[in-house]
2 protein chains.
Amino acid sequence: MDTPSRLAGPPAVVTARALARRLGVSQSMVSRAFSPGASIAPEMRARVLRAAEELGYRPNVIAAALSRRRSSIVAIVMAELTNPFYPAVLERLTAALQAAGLQSLLFTVPPGQPADSCLPLLRQYHVDAVVITSASLTSAGAAEWLGDGRAAVLFNRTAAGPTPLDSIACDNLAGGRAAAEALLAQGRKQLAFVAGRADTSTSQDRERGFRAMLAERGLPPPLRVEAGDFSYESGHRAARSLAGRADGIFFANDILALGGLDALRHDAGLRVPEDVAVIGFDDIPMGAWPAYRLTTLRQPVPAMVARTVELLQARLGGTAGPPTGERLPAELVRRGSA
Amino acid sequence: MDTPSRLAGPPAVVTARALARRLGVSQSMVSRAFSPGASIAPEMRARVLRAAEELGYRPNVIAAALSRRRSSIVAIVMAELTNPFYPAVLERLTAALQAAGLQSLLFTVPPGQPADSCLPLLRQYHVDAVVITSASLTSAGAAEWLGDGRAAVLFNRTAAGPTPLDSIACDNLAGGRAAAEALLAQGRKQLAFVAGRADTSTSQDRERGFRAMLAERGLPPPLRVEAGDFSYESGHRAARSLAGRADGIFFANDILALGGLDALRHDAGLRVPEDVAVIGFDDIPMGAWPAYRLTTLRQPVPAMVARTVELLQARLGGTAGPPTGERLPAELVRRGSA
DNA sequence: AGAGCCTTTGCATCCGTATGCAATCACGCT
DNA sequence: AGCGTGATTGCATACGGATGCAAAGGCTCT
């Protein structure tokens, strides 16, 4: 007597063979009925599909993956799920992949660590492609992965060095420039930049854009504080060290900026935006809350996700040119902090 | 000439057969070297493992899944990734599963919808088990899934009705009581409860506990507002309707409470905790931020995750009793809002 | 030395689907 | 009527590992 909750051996599933036998056709026909573009008569396909519906047959994806040597599974590697920007990305990404007939296998790596440590596992699971976000891949890792004929896309990161990796990010350079422009337009004199993880392309590019704009205007470079990572606490710390020394601060991302805002207001007793203006980057939901009203640069997440999935499909279909590094424009969202 | 970025057909992988041939043994031996507890001489195993290391052989999980009829893949179904409580759960859960040799296939469903719509997909992917969080399963769905001999665990939800589903949650009843106790101990006279999604066990149980404690003390029941869902905006709205009418508000979770705090302070111009005390539930990171300093009931996420994985492993191993509904204790975290 | 037993190994087959190739069929054309 | 052509279909096998069963080897004990 098994309780229903007990795992009672392999479940009885309807296989393609069983369905075929029942219809008096060969198993191949069942398989072809489910492969778009296969050689099969329309009536036959209809007959098979109807019977499949009735008997509850669904192709076994595992078996198909083994046979076709392609799993329809995409790995998503994430390092910073605690930064509220990424859950939103993850949600949209899995939804978009799901809509494209792909499933998402989720892997996490410690922040700052390259995604290389996941590769063996990815290989074991024969995932077709990997989307790496809030992390990167060493050149060696990339070469190894791509050399195997698999696809990889960096999301919200750009490839460091000559790795032939596709990447989708927003135009952090232009975003950095826009931040500088917005602060200068308000007559801020002493600007500052708070960097996140120093080794991330996001922080670097945003800073480069910011500095470039100041340089073009013939202004001195901004003060600079390195927060060390992308966290509320680090932003808090960074802002404390900057309090009173700057009247316009551009944080490498929103979560830093929120920490910064709290430090400026609660610890340093400054008024934002009167005493000091603050601009972030990402546009996370909390930035819009009345307690913060953070002016920020909005990343076009829906567009970025859509392009990622398109790119992935192109690569998986074999139709794709050389690796691209796409940059979608960020949009300045003016709220109360600047 | 293929560019390295082009998907160039099936990658060349080392198979168990190839490795076996190279060692002059049978493929079975390679297989057994990788299955703990298999009948194989220790030296043979060592030899195989060393050779595997050298040649970069890793068992093909897809093939193993097909053969063993068990995939080592656990589906995680989530509905509310935008509530910051869940990303943290997701991160810990995937990490814990990964450590247990299981992978996480992520599915999302619209909030409020039962997870049933994922079942066909889960079945297709032959996942061994499913962890459902911030969503539930209809009795029919549960019966179907469990009847197939698969495992399911509700996380942070309890089963509605007589479904034989395992569930791991925190003790929401006791948490609700503790919230009431804390507010009463401060001399608050007019208490209120802000419900989230009315059909969730979390909101219901927290409310029941809250009311029970008031009843025990011989006090009238609290005011009650139904926010409708678990979101910042709903909390904001709910609190506005409560402003001035209550001096102690218990929100069904933190994200509601944060919205509520902002409404009370910025819209209603009230002082927290002087004019009105606020207590939340979950302990999300933002609650600790200086802008909020939210007093709340902390869910023991690490323990809940650990128990979930243990339970899953027991079920998958076939050693497990009847379905359990475990309740881990919540801890009151006193901060500035109450 | 022979019998009995346990351990280790190989053999063969199965998991469920995809697909190249050959066979079949219908149809149109000369 | 005979043949060519294209569309369908079935057959057989591959994908990479897991595993029941029997064979082989080593050991102890009588």
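To find a chain, count down the sequence lines: A is the first, B the second, and so on, and within it residues start at 1.
Between Phe107(A) and Tyr125(A), the distance separating the two ring centers is not shorter than 6.0 angstrom.
Between Ser167(A) and Arg157(A), the closest side-chain pair of non-hydrogen atoms is not below 4.5 Å. Looking only at side-chain heavy atoms (C-beta outward), Leu311(A) and Ile168(A) come within less than 4.5 Å of each other. Two residues are said to be in side-chain contact when any heavy atoms from C-beta on lie closer than 4.5 Å; Arg327(B) and Thr158(B) meet this criterion. Between Leu81(A) and Thr94(B), the closest side-chain pair of non-hydrogen atoms is not below 4.5 Å.
Ion pairing of Arg307(A) with Glu310(A) is present here, as a side-chain N (NZ or NE/NH1/NH2) and a carboxylate O approach within less than 4.0 Å.
If you take NE2 of His126(A) and C1' of dG17(D), they are 11 Å apart, rounded to a whole angstrom. In this structure, the CG atom of Leu66(A) is 13 Å from the C1' atom of dA18(D), given to the nearest Å. In this entry the distance linking CD1 of Ile40(A) with C1' of dA7(D) reads 12 Å, nearest Å.
Heavy-atom contacts of chain B under 4.0 Å fall on DNA chain C between two terminal nucleotides, which in 5' to 3' order are dT8(C) to dG16(C).
Residue order along DNA chain C, read from the 5' end via each residue's closest nucleotide, puts Ser67(B) first among Ser67(B) and Ser35(A).
Contact check of residues 49-61 of chain B against DNA chain D (heavy atom, cut-off under 4.0 Å) returns Tyr57(B), Arg58(B), Pro59(B), Asn60(B). Looking at residues 20-34 of chain A, you'll see Gln27(A), Ser28(A), Ser31(A), Arg32(A) sit with a heavy atom under 4.0 Å from some atom of DNA chain C.
From Leu119(B), atom CG reaches atom CD of Gln124(B) across 12.0 Å, with rounding to the nearest 0.5 Å. Rounded to the nearest 0.5 angstrom, Asn156(B) CG and Phe85(B) CZ are separated by 5.0 Å. Note that CZ of Arg45(B) and OG of Ser39(B) are 9.5 Å apart. Values are rounded to the nearest 0.5 Å.
For dA18(D), the OP1/OP2 oxygens have a side-chain nitrogen or oxygen of Arg68(B) closer than 4.0 Å.
At a cut-off of 3.5 Å, with distance as the only test, a side-chain donor of Ser117(A) or Gln113(A) sits close to an acceptor on the other residue.
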- Message: Checking Asp128(B) against Ile73(B) for the side chain to side chain contact (heavy atoms under 4.5 Å, CB included) test, could you report, in this order, the C-alpha distance in whole Å, the side-chain angles of both residues, the deciding distance, and whether it holds?
- Response: CA-CA 6 Å; Asp128(B) 293 341; Ile73(B) 292 183; over 6 Å; no
